[in-house]
Novice: 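Handing you this structure, nothing more for now.
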Amino acid sequence: MSTAENIQTLSLNYPELLRSQAYINGNWVEGNESVAVFNPANGNIVGRIANLNAQDTEAAVAAAETALISWRQTTAKQRAQLLRRWYELIMENQEDLAQILTAEQGKPLAEARGEIAYGASYIEWFSEEAKRIDGDIIPAPNNQQRVMVIKQGVGVVSAITPWNFPNAMITRKAAPALAAGCTFVCKPATETPLSALALCVLAQDAGIPAGVINMVTGANSREIGGVLSSHPSIKKLTFTGSTPVGKVLMSQCASTVKKTSMELGGNAPFIVFEDANIDAAIAGAVASKFRNAGQTCVCTNRILVHENVAEEFTQKLIAAVKALTLGDGTDTETSIGPMVNAKAVLDTHSLVEDAINQGATLCTGGKVSDLGPCYYPATVLANATPSMRVFKEEIFGPVAPIYTFKTTEEAIALANDTEFGLAAYFYTRDFARTYQVSESLEYGMVGVNTGIISNEAAPFGGVKESGNGREGSKYGLDDYLELKYICLGGL
Ligand SMILES: NC(=O)C1=CN([C@@H]2O[C@H](COP(=O)(O)OP(=O)(O)OC[C@H]3O[C@@H](n4cnc5c(N)ncnc54)[C@H](O)[C@@H]3O)[C@@H](O)[C@H]2O)C=CC1
Ligand SMILES: O=C(O)[C@H](O)CS(=O)(=O)O
């Protein structure tokens with residue numbers, strides 16, 4: 001007897017945003033088979049997407065290579081206007097895009113709306129930066145020559161993006177690529193392709209020419225990624241995801257010496273010094289730790305509190321966490337939605353069990369929820385120690401382990417005791433300590449007296465095994481440009 005599949009219905013103002021086909025060369029393309037997209041809140045099927053293969057990916061690369069010829073001839077102003085129009089259409093359709101995003105990823109609608117605006121802000125930003133890709137004329141060491149430097153787009157760019165920000169992680173790459181005169185072939189996460197395809201609908205509506213943006217969907221990540229990291233026509237790969245996958249992709253890019261940008265895993269310390277504003281630190285810790293159910297690479301992963309304020313901080317954090325509501329992202333009361341899938345819940349719970357088995361105190365949460373297999377409650381662990389897995393590994397879930405320290409030097413040493421180096425946070429009101437700690441932390445980004453640091457004007461990226469390259473800001477274009485030195489002689 002066939003089992004009726006539970007279909008998630010969405011009431012959209014623009015129903016055509018919900019696509020099942022991949023987007024290649026301005027066409028909507030079916031695959032030999034399709035892959036279901038599930039709603040983590042209830043297991044319903046939100047849609048089915050084309051399950052493409054290496055051959056389809058090569059067709060997308062060929063389309064991007066053909067489109068590059070005319071795209072790189074467009075003026076900076078033309079590219080800026082097209083990006084601006086794309087930005088406007090995304091904001092006009094913010095509610096629909098948020099509904100689609102929450103349905104496939106699970107985050108609360110308010111966070112999804114925020115992601116749409118955040119993702120769009122990168123397109124807005126690079127529509128402006130597109131017109132400011134300047135070169136140099138450098139005084140030559142002799143009178144017979146002139147030294148000129150121009151910047152040109154690298155060419156065809158490939159991208160592989162994660163499920164935790166299904167909209168913003170694509171726009172944060174596509175916007176600078178297009179602004180620089182590059183064309184773009186992207187494989188979105190298998191779990192969350194619908195947001196990516198909706199962005200393509202609006203790119204097409206904005207008038208971005210066929211072949212400039214291509215979206216290759218499906219579950220064949222290794223096969224598709226193999227083409228996107230080794231095809232000779234692709235000059236750069238930009239990746240956001242886990243460090244292990246990033247390392248595989250970097251090694252695959254070596255065969256054709258591709259440029260790479262890697263936004264990888266994190267293990268963010270959140271240091272609360274004795275002189276910190278504790279209530280501000282609590283607000284910052286909750287915002288940084290529990291955004292997207294703890295599934296962001298810049299989420300606080302280790303909370304380090306000076307021993308003299310540890311009890312006050314712990315009790316206030318427990319109270320704040322107990323006020324968070326776990327539930328379906330479409331419920332206006334929900335502050336923490338489901339995790340992306342049941343495996344993520346089991347992985348998170350195993351980290352909690354390891355900590356407790358090694359002596360951590362479970363203060364709240366820490367039990368698999370009866371709401372469904374993808375739900376895990378906000379959890380606080382006290383008396384955590386560096387021997388526990390939660391200290392060494394990226395939790396990527398709603399778990400806040402608390403450690404104590406005695407001195408500033410000890411806090412810095414604990415914070416830097418990781419192979420990761422993406423984001424770090426600390427709270428203090430001491431001016432000298434602000435400089436000392438900011439400059440001593442081995443991270444690409446440091447938040448001082450704030451737990452939320454991401455915006456389009458800032459260079460987002462990490463050091464050590466959190467990756468390389470920067471996204472956003474005036475620096476974000478550099479990764480998509482090549483410098484060309486032109487020597488004018490015979491003068
Ligand atoms: N640094 C940053 O900005 C971010 C880092 N991350 C990290 O990513 C992890 C969680 O996200 P996930 O999507 O589970 O990461 P993941 O690394 O498993 O997957 C990311 C993307 O890579 C694809 N992929 C997986 N294996 C591949 C392969 N062998 N070849 C080609 N593509 C492959 C996936 O389909 C997905 O599209 C966490 O470690 C998190 O810290 C996630 C988001 C942002
Ligand atoms: O993928 C992520 O985790 C994002 O980069 C985090 S943020 O940019 O939304 O802060």
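The first residue of the sequence shown is numbered 1, and numbering continues consecutively from there. Note that ligands are numbered from 1 as they come in the structure, with each ligand's atoms numbered from 1 the same way.
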Novice: What protein heavy atom sits nearest atom 42 (C) of ligand 1, and how far away is it?
Specialist: Asn164 ND2, 3.7 Å
Novice: With heavy atoms of Lys187 as the reference, note each atom of ligand 1 found under 4.0 Å away.
Specialist: 23 (C), 34 (C), 35 (O), 37 (O)
Novice: So which bit of Glu471 gets within less than 4.0 Å of ligand 1, heavy atoms only: side chain, backbone, both or neither?
Specialist: neither
Novice: Applying side chain to side chain contact (heavy atoms under 4.5 Å, CB included) between Glu58 and each of Val185, Asn53, Val227, Val216, report the one that passes.
Specialist: Val227
Novice: For a 4.5 angstrom cut-off between non-hydrogen side-chain atoms, does Ser229 reach Phe239?
Specialist: no
Novice: Does Leu109 reach the side chain of Gln99, with side-chain heavy atoms less than 4.5 Å apart?
Specialist: yes
Novice: Is ligand 1 under 4.0 Å from a heavy atom in the side chain of Val298, in the backbone, in both, or in neither?
Specialist: neither
Novice: In the protein, what heavy atom is nearest to atom 6 (N) of ligand 1, and what distance, to one decimal place, separates them?
Specialist: Gly241 O, 3.4 Å
Novice: Quick one: which ligand 1 atoms are inside 4.0 Å of a heavy atom on Gly225?
Specialist: 31 (C)
Novice: When you measure from atom 19 (O) of ligand 1 to the protein, is at least one non-hydrogen atom found at a distance under 4.0 Å?
Specialist: no
Novice: What do you reckon, does Leu249 put a non-hydrogen atom under 4.0 Å from ligand 1?
Specialist: yes
Novice: Using the salt bridge (Lys or Arg N to Asp or Glu O under 4.0 Å) criterion, which residues pair with Arg84? Sequence neighbours excluded.
Specialist: Glu88, Glu124
Novice: As a check for students: among Thr192, Thr240, Asn292, Val245, identify the option with a heavy atom nearest to atom 33 (C) of ligand 1.
Specialist: Val245
Novice: Could you go through the side-chain contact (heavy atoms from CB on, under 4.5 Å) check for Phe420 and Lys464 one step at a time?
Specialist: CA-CA 6 Å; Phe420 293 105; Lys464 297 165 72 174; over 6 Å; no
Novice: Go through ligand 1 atom by atom and flag the ones less than 4.0 Å from a non-hydrogen atom of Leu422.
Specialist: 1 (N)
Novice: Considering non-hydrogen atoms of the protein only, which is the closest contact for atom 29 (N) of ligand 1, and what is the distance?
Specialist: Arg222 CG, 3.6 Å
Novice: Could you pull out every protein residue that has a heavy atom closer than 4.0 Å to ligand 2, ordered by chain and then number?
Specialist: Tyr118, Asn164, Phe165, Met169, Arg172, Arg291, Thr296, Cys297, Val298, Ser454, Phe460
Novice: According to the interplanar angle, ranging from 0 to 90°, do the rings of Trp163 and Phe396 count as parallel (below 30°), tilted (30 to 60°) or perpendicular (above 60°)?
Specialist: perpendicular
Novice: Should Glu92 and Arg85 count as an ion pair when the cut-off is N to O under 4.0 Å?
Specialist: yes
Novice: Is there a donor in the side chain of Lys173 and an acceptor in the side chain of Thr238, or the other way round, less than 3.5 Å apart?
Specialist: yes
Novice: Between Glu471 and Arg172, is the salt bridge (Lys or Arg N to Asp or Glu O under 4.0 Å) condition met? List the steps.
Specialist: CA-CA 7 Å; Glu471 297 188 315; Arg172 194 159 85 175; 2.8 Å; yes
Novice: Considering only non-hydrogen protein atoms, determine which one is nearest to atom 23 (C) of ligand 1 and report residue, atom name and distance to 0.1 Å.
Specialist: Ile160 CG2, 3.7 Å
Novice: Identify the protein heavy atom lying closest to atom 1 (N) of ligand 1, giving its residue, its atom name and the separation to 0.1 Å.
Specialist: Leu264 O, 2.3 Å
Novice: Which ligand 1 atoms, with their elements, are less than 4.0 angstrom from a heavy-atom of Gly265?
Specialist: 41 (O)
Novice: Heavy-atom distances under 4.0 Å decide this one: backbone, side chain, both or neither, for Glu394 against ligand 1?
Specialist: side chain
Novice: Mind checking whether Phe460 has a heavy atom under 4.0 Å from ligand 1?
Specialist: yes
Novice: Does the plane of the ring in Tyr122 sit parallel, tilted or perpendicular to the ring in Tyr118? Use 30° and 60° as the thresholds.
Specialist: perpendicular
Novice: Around atom 37 (O) of ligand 1, find the nearest protein heavy atom and jot down its residue, atom name and distance.
Specialist: Thr161 O, 2.6 Å
Novice: Looking only at distance, does Trp163 have an N or O less than 3.5 Å from an N or O of ligand 1?
Specialist: yes
Novice: Report, one line per pair, each donor and acceptor closer than 3.5 Å where one atom sits in a side chain of residues 283-293; sequence neighbours left out.
Specialist:
from	atom 1	to	atom 2	distance (Å)
Ser288	OG	Thr300	N	3.0
Ser288	OG	Thr300	OG1	2.7
Lys289	NZ	Thr300	O	2.9
Lys289	NZ	Gly397	O	3.1
Lys289	NZ	Val399	O	3.0
Asn292	OD1	Gln105	NE2	3.0
Asn292	ND2	Asn164	O	3.0
Asn292	ND2	Gln295	O	3.0

Novice: Could you give me the CA-CA distance, side-chain angles and deciding distance for Tyr427 and Phe273, then say whether ring pair (Phe, Tyr, Trp, His ring centres under 6.0 Å) is met?
Specialist: CA-CA 6 Å; Tyr427 278 70; Phe273 287 102; over 10 Å; no
Novice: Going by the order shown, which atoms of ligand 1 are within less than 4.0 Å of some heavy atom of Arg172?
Specialist: 3 (O)
Novice: Does the side chain of Leu194 reach to within under 4.5 Å of the side chain of Val46, using non-hydrogen atoms?
Specialist: yes
Novice: Can Glu465 and Lys247 be said to form a salt bridge (Lys or Arg N to Asp or Glu O under 4.0 Å), step by step?
Specialist: CA-CA 9 Å; Glu465 296 198 18; Lys247 289 180 178 179; 2.7 Å; yes
Novice: Out of Gly246, Cys299, Ser221, Gly461, whose heavy atom sits nearest atom 24 (N) of ligand 1?
Specialist: Ser221
Novice: Can a non-hydrogen atom of Lys343 be found less than 4.0 Å from any atom of ligand 1?
Specialist: no
Novice: The criterion is salt bridge (Lys or Arg N to Asp or Glu O under 4.0 Å); which residues satisfy it with Arg389, sequence neighbours excluded?
Specialist: Glu393
Novice: How about Pro188 and Thr217: do any of their side-chain heavy atoms sit closer than 4.5 Å?
Specialist: yes
Novice: Quick one: sort the Phe270 and Phe313 rings into parallel, tilted or perpendicular, breaks at 30° and 60°.
Specialist: tilted
Novice: In terms of atom number and element, which parts of ligand 1 are under 4.0 angstrom from non-hydrogen atoms of Pro162?
Specialist: 13 (O), 43 (C)
Novice: Just let me know how Phe239 lines up against ligand 1, side chain, backbone, both or neither, with a heavy-atom cut-off below 4.0 Å.
Specialist: side chain
Novice: Do me a favour and list the nearest non-hydrogen protein atom to atom 15 (O) of ligand 1 with residue, atom name and distance?
Specialist: Ser242 N, 3.5 Å
Novice: Among all the protein's non-hydrogen atoms, which is closest to atom 40 (C) of ligand 1, and how far away is it?
Specialist: Phe396 CE1, 3.1 Å
Novice: Between Asp328 and Leu371, is there a side-chain heavy-atom distance shorter than 4.5 Å?
Specialist: no
